[in-house]
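Read through the structure below, which is laid out as structure tokens, and then see the notes.
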Amino acid sequence: QVQLVESGGGLVQAGGSLSLSCAVSGRTFSGYTMAWFRQAPGKEREFVAAMTWSLGNTYYADSVKGRFSISRDNDKNTVYLQMNSLKPEDTAVYYCAASSAFSSRRASRLSIYDYWGQGTQVTVSS
């Protein structure tokens with residue numbers, strides 16, 4: 001059974017930092033693009049960042065560029081999201097996802113992601 005398990009969420013003050021992790025178990029994710037999404041209360045799930053397997057190309061939503069950084073350790077089957085200069089509007093449940101059919105033009109489409117984690121709450125206080 002494939003599992004993506006996020007960790008590292010919590011409560012932080014505006015301007016602070018958090019680091020999220022997503023551990024993949026049940027299979028190797030060779031060839032998969034790993035991504036982070038988030039969903040705030042009453043809003044749709046939105047794309048945050050992605051990183052491809054082969055070249056390690058990264059993609060970010062405009063709202064997080066320069067503040068968030070995605071990385072992955074393929075040997076550990078783990079993807080990370082370093083979040084700096086956090087703002088109250090970053091408050092959301094953060095999900096990791098894996099796609100075997102990723103393209104930059106379709107990065108925000110939930111349907112291209114094969115696997116999802118259960119999410120971890122990030123709350124940024126003002």
Side-chain angles (χ1 to χ4, degrees):
Q1 183 178 359
V2 176
Q3 279 192 313
L4 279 65
V5 179
E6 301 95 337
S7 61
L11 174 64
V12 64
Q13 287 188 332
S17 299
L18 276 177
S19 181
L20 305 183
S21 299
C22 173
V24 179
S25 62
R27 63 161 292 162
T28 177
F29 271 72
S30 173
Y32 278 75
T33 290
M34 299 299 294
W36 288 94
F37 281 74
R38 66 186 182 186
Q39 188 167 18
K43 295 187 177 181
E44 294 185 348
R45 193 170 297 191
E46 65 174 0
F47 172 79
V48 175
M51 190 172 194
T52 62
W53 167 264
S54 56
L55 298 178
N57 293 333
T58 56
Y59 304 89
Y60 296 95
D62 289 343
S63 58
V64 306
K65 279 181 182 177
R67 300 188 299 122
F68 289 14
S69 178
I70 186 172
S71 61
R72 62 191 292 171
D73 185 331
N74 293 331
D75 291 336
K76 294 182 178 180
N77 263 7
T78 301
V79 63
Y80 306 95
L81 184 68
Q82 177 64 40
M83 305 184 293
N84 299 325
S85 302
L86 283 161
K87 305 175 181 179
E89 51 264 44
D90 294 319
T91 295
V93 177
Y94 282 71
Y95 300 88
C96 69
S99 173
S100 59
F102 180 86
S103 73
S104 59
R105 288 184 294 178
R106 300 189 300 165
S108 62
R109 295 188 187 180
L110 276 62
S111 60
I112 70 167
Y113 295 90
D114 306 282
Y115 302 101
W116 292 86
Q118 84 290 346
T120 185
Q121 176 71 46
V122 171
T123 302
V124 184
S125 63
S126 57

[X] side, atom [atom1]; [Y] side, atom [atom2] - distance, nearest 0.5 Å:
X: M34; Y: T78; atom1: CE; atom2: OG1; result: 8.5 Å
X: R105; Y: I112; atom1: CZ; atom2: CD1; result: 11.5 Å
X: Y115; Y: S99; atom1: OH; atom2: OG; result: 11.0 Å
X: Y94; Y: L20; atom1: OH; atom2: CG; result: 7.5 Å
X: Q39; Y: Y95; atom1: CD; atom2: OH; result: 5.0 Å
X: Q3; Y: N77; atom1: CD; atom2: CG; result: 13.0 Å

State, to 0.1 Å, how close [X] and [Y] come at their nearest heavy-atom pair, and which atoms those are.
X: G56; Y: M51; value: O-CE, 3.7 Å
X: A14; Y: S126; value: CB-CA, 4.4 Å
X: L81; Y: A49; value: CD1-CB, 4.3 Å
X: N84; Y: S17; value: OD1-OG, 2.9 Å
X: V124; Y: K87; value: CB-O, 3.2 Å

State, yes or no, whether a side-chain contact exists between [X] and [Y] at a heavy-atom distance under 4.5 Å.
X: T91; Y: Q121; value: yes
X: T52; Y: Y59; value: yes
X: V48; Y: M83; value: no
X: Y60; Y: S69; value: yes

With a 3.5 Å distance limit and no angle check, can you tell me whether E6 reaches the backbone of G119 through a side-chain donor-acceptor pair?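 Yes; at least one donor-acceptor contact below 3.5 Å.
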Scan for ring-ring contact (aromatic ring centres under 6.0 Å, His included) pairs involving residues 31-54, sequence neighbours excluded, and state none if there are none. F29-Y32, F37-F47, F37-Y113, F37-W116
In short, salt bridge (charged side-chain N to carboxylate O under 4.0 Å, His left out) pairs touching residues 66-81 with sequence neighbours left out are R67-D90
Following the transitive rule for hydrophobic clusters with a side-chain heavy-atom cut-off under 4.5 Å over Ile, Leu, Val, Met, Phe, Trp and Tyr, establish whether V79 and V24 coincide in one cluster. yes
Could you walk me through whether F68 and L18 pass the side chain to side chain contact (heavy atoms under 4.5 Å, CB included) check? CA-CA 10 Å; F68 289 14; L18 276 177; over 6 Å; no
Flag if over 12 foreign heavy atoms under 6.0 Å of CZ, R106: yes
